[in-house]
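Just below is one structure, and these are the notes that go with it.
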Amino acid sequence: MTEDDLVHPKLKAWLKQTIDLCGPDHVHICDGSPKEYATLMETMVAKGNAIPLPKRPGSYLFRSDPSDVARVEARTFINTRKQDDAGPSNNWADPDAMRATLRDLYKDCMKGRTLYVIPFSMGPLDSPLSRIGVEITDSPYVVVNMHIMTRVGTAVLQKLGNAGAFIPCLHSSGKGAGNPQWVCAPMDQKYISHFPEENVIASYGSGYGGNALLGKKCLALRLASAMAWREGWMAEHMLLLRLTSPEGKRYHIGGAFPSACGKTNLAMITPTLPGWKAECLGDDIVWMKPDADGRLWALNPEAGFFGVAPGTSRATNPNAMKTIEKNTIFTNCALTDDGDVWWEGLDREKPSHLTDWQGQSWTPDKEAPAAHPNARFTASATQCPILCQDWDAPEGVPLDAILFGGRRAHVAPLVTQALNWDHGVFLGATLASETTAANIGAVGKLRYDPMAMTPFCGYNMGDYFQHWLTMGDRLGTKAPAIFYVNWFRKGKDGAYLWPGYGDNCRVLKWICDRVDGKVGARETPVGYLPCANDLDLSGLNLAPGALDVLLDPGLAERKEDQPQLEAHLARFGDRLPQRLRQQAAALALCLP
Ligand code: OXD
Ligand code: MN
């Protein structure tokens with residue numbers, strides 16, 4: 001197919017305009033076929049950009065430039081006409097000024113390169129919730145990743161017809177000349193730019209993950225969250241799983257945790273409690289909409305996993321390990337001498353020799369890790385051995401419970417049930433977590449990350465809080481129950497108190513039983529907490545005293561957090577809903 005075969009006048013016009021601006025040597029309209037994927041991979045292997053992995057059929061390793069290894073929140077912009085509409089949690093730029101800056105950068109940026117047109121759908125093509133995007137990129141690495149992460153190809157163009165709505169997503173790796181293996185622009189020339197009032201995305205200068213695979217964070221979260229606000233649905237940074245009890249009852253659970261806090265592990269959990277079965281529906285993004293039955297229905301708009309490799313192992317996530325046995329793209333992992341990938345946390349023993357993520361010889365005496373802490377795998381959802389058969393059901397699945405959670409060594413108990421929807425929204429709005437390597441910046445610093453959406457909310461977060469409250473009003477008694485979990489609480493010796501991973505099903509069981517009103521809890525100012533005997537701890541050997549700490553509401557510690565929490569909420573000024581102010585005031589009254 002060539003650009004002359006395109007029948008959609010707006011798409012044709014946008015493509016022509018982009019070709020004129022970016023000046024590529026060639027244009028390729030992607031059909032999404034396995035042949036297209038194979039040809040691109042062959043070309044990248046021939047150029048030395050992709051390393052085939054003999055131990056994993058159909059799999060390849062890529063190494064990025066050392067400056068281009070994660071999302072860049074500091075270079076991510078929401079361009080609304082009024083600054084206040086982007087809100088205090090986003091970088092803002094005037095749309096006209098941003099367009100002018102980008103025009104200069106994009107000018108002739110694709111000289112000597114091929115421009116790829118990727119028609120993609122977020123969500124199954126037959127779902128009323130789905131949205132179509134078209135990404136134009138000069139990066140073949142982006143094309144192969146989009147093949148896995150979204151539904152790409154001719155069927156999307158057919159659905160679009162000549163008048164269907166699509167979101168234009170323009171991406172260029174940038175003009176940087178330095179690294180022939182991985183082109184990218186210097187940091188101050190990277191722009192991950194969103195125009196939510198026009199539904200347009202423009203990304204320049206980075207080839208990595210969420211900066212470049214524009215269906216993911218840019219479309220399915222930042223733009224979608226703003227669309228959802230306008231249209232009465234929700235776009236959230238959540239995993240989605242189905243849990244089936246020994247009696248055969250199904251529960252659907254969505255979980256919002258910040259990046260690199262274990263969403264993929266929970267989404268693919270292997271329950272340690274006999275008789276409980278888990279199935280994965282998604283690990284990063286959930287779109288949710290109230291249906292005619294009054295319940296909230298949830299759908300994962302992605303088609304693959306872009307997971308953090310370090311820490312993933314047969315012990316922590318055996319299902320992810322099976323998912324990535326073949327047909328997987330690895331980025332910034334280490335390479336073993338016999339042609340496999342390796343990362344910290346994969347095995348107990350470190351190999352005696354590796355090639356590190358920067359292509360240098362590595363031995364275990366080296367201080368620096370062999371794999372980058374934000375090294376990733378890209379694999380199709382269909383390779384997950386516990387993928388739920390309803391993962392691409394056009395209507396989604398009805399949601400029973402929503403979890404919020406983060407990494408918190410102190411303060412937050414193992415699990416808390418919100419007292420009601422407003423309180424649940426308050427728990428989400430005050431989610432606090434220690435930062436990870438998923439963003440370029442400091443690691444391990446505490447930050448408030450409401451609903452794990454700080455980097456992904458495409459409009460003013462005060463309005464986003466109000467949207468959550470409004471959705472609760474709409475759902476009424478059919479609203480999912482809200483919980484706050486923390487697998488990462490540490491004891492005085494700095495060791496984790498809770499085993500996590502498969503044993504998190506013990507917490508999920510309590511959650512399902514709470515949904516059914518079958519199990520006890522005690523009411524505290526921070527929510528309903530299980531008493532020790534409300535949790536199924538059979539066969540688990542917790543350290544003496546661990547449970548007391550895990551189930552402590554942490555009121556004294558919260559008192560210390562209070563100034564930070566108040567400052568966090570105060571940032572939203574007038575846009576902070578009164579109902580959340582009331583929640584904050586009620587909590588303050590209960591602290592010692
Ligand atoms: C991701 C992230 O890649 O949140 O999912 O950074
Ligand atoms: Mn994420």
Side-chain angles (χ1 to χ4, degrees), residues 50-64 66 69-70 260-272 283 305-379 383-386 407 409 434 436-438 443-444 487-488 490-491 493-504 539-543:
I51 302 169
L53 298 167
K55 295 271 171 171
R56 293 178 197 247
S59 302
Y60 299 86
L61 172 65
F62 288 80
R63 296 189 185 118
S64 80
V69 291
C261 286
K263 280 199 298 300
T264 308
N265 292 342
L266 188 61
M268 297 186 190
I269 186 172
T270 305
T272 52
D283 78 331
F305 306 111
F306 181 66
V308 178
T312 307
S313 71
R314 286 192 207 289
T316 62
N317 193 339
N319 290 316
M321 292 305 291
K322 289 199 188 103
T323 305
I324 60 178
E325 274 171 2
K326 54 181 194 279
N327 307 325
T328 300
I329 298 172
F330 294 93
T331 308
N332 287 345
C333 299
L335 180 67
T336 65
D337 293 348
D338 61 352
D340 198 0
V341 276
W342 191 88
W343 47 78
E344 278 64 25
L346 178 65
D347 312 299
R348 273 168 205 274
E349 302 271 309
K350 291 184 179 177
S352 57
H353 182 261
L354 292 164
T355 305
D356 74 8
W357 67 277
Q358 298 187 69
Q360 305 297 320
S361 172
W362 185 95
T363 43
D365 54 308
K366 286 240 163 104
E367 227 170 81
H372 187 276
N374 192 38
R376 298 280 180 148
F377 54 78
T378 319
Q383 295 194 164
C384 176
I386 61 155
R407 262 173 210 277
E434 290 140 22
T436 68
V443 170
W487 319 133
F488 301 96
K490 290 182 177 170
D493 58 357
Y496 289 113
L497 293 171
W498 179 250
Y501 306 112
D503 283 313
N504 291 337
L540 192 66
N541 279 323
L542 290 179

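If you read the sequence from its start, that first residue is 1, and numbering goes on from there. Just so you know, these numbers use all the heavy atoms, side chains as well, and skip hydrogens, waters and symmetry mates. Note that the coordinates shown come from a computational prediction; the quantities given were computed from them, not determined experimentally.
- Residues Thr312 and Phe377 are in side-chain contact: their nearest non-hydrogen atoms beyond the backbone lie under 4.5 Å apart.
- The stretch residues 337-350 participates, sequence neighbours left out, in these salt bridge (Lys or Arg N to Asp or Glu O under 4.0 Å) pairs: Lys55-Asp338, Arg56-Asp340.
- For the side-chain hydrogen bond (donor to acceptor under 3.5 Å, both in side chains) test, no residue two or more places apart in sequence or in another chain qualifies with Trp343.
- Residues Thr316 and Pro318 approach most closely at C-CD, 3.9 Å, considering heavy atoms.
- Pairing each heavy atom of Ala50 with each of Pro52, the nearest pair is O-CD, 3.8 Å.
- The shortest side-chain heavy-atom distance between Val308 and Thr264 does not fall under the 4.5 Å cut-off.
- To the nearest 0.5 Å, atom CG of residue Leu346 and atom OG1 of residue Thr336 are 10.0 Å apart.
- For the side-chain contact (heavy atoms from CB on, under 4.5 Å) test, residues two or more places apart in sequence or in another chain that qualify with Asn504 are Leu266, Ile269, Trp487, Trp498.
- Between the CG atom in Asp283 and the CG atom in Asn265 there is a gap of 9.5 Å [rounded to 0.5 Å].
- Using a 4.5 Å heavy-atom cutoff, the side chains of Asn374 and Val69 are not in contact.
- With hydrogens and angles ignored, the 3.5 Å screen pairs no side-chain donor or acceptor of Arg376 with any backbone N or O of Thr331.
- Residues Leu542 and Leu497 approach most closely at CD2-O, 3.7 Å, considering heavy atoms.
- Taking both residues in full, the closest heavy atoms of Trp362 and Pro351 are given as CZ3-O, 4.0 Å, listed atom of the first, atom of the second, then distance.
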With a cut-off of 3.5 Å and sequence neighbours excluded, list every side-chain donor-acceptor pair involving residues 322-330.
residue: Thr323; atom: OG1; partner: Asn319; partner atom: O; Å: 2.6
residue: Asn327; atom: ND2; partner: Gln383; partner atom: OE1; Å: 3.0
residue: Thr328; atom: OG1; partner: Lys326; partner atom: O; Å: 2.7

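- In this structure, a donor-acceptor pair under 3.5 Å is present between the side chains of Asp503 and Thr272.
- Listed by chain and residue number, Tyr141 satisfy the ring pair (Phe, Tyr, Trp, His ring centres under 6.0 Å) test with Phe62 (two or more places apart in sequence, or in another chain).
- For Phe488, the CZ atom sits in a packed shell: over 12 heavy atoms of surrounding residues, nucleotides or ligands are nearer than 6.0 Å.
- Smallest separation of non-hydrogen atoms from Ser352 and Pro364: O-CD, 3.4 Å.
- Classified by interplanar angle (parallel below 30°, tilted 30° to 60°, perpendicular above 60°), the ring pair His372/Trp357 is perpendicular.
- Put simply, the side chain of Arg63 reaches to within 4.5 Å of the side chain of Asn332, judged on heavy atoms.
- A salt bridge (Lys or Arg N to Asp or Glu O under 4.0 Å) check over residues 305-314, counting only residues at least two apart or in different chains, returns nothing.
- Closest approach of Pro373 and Pro310 over heavy atoms only: O-CG, 3.6 Å.
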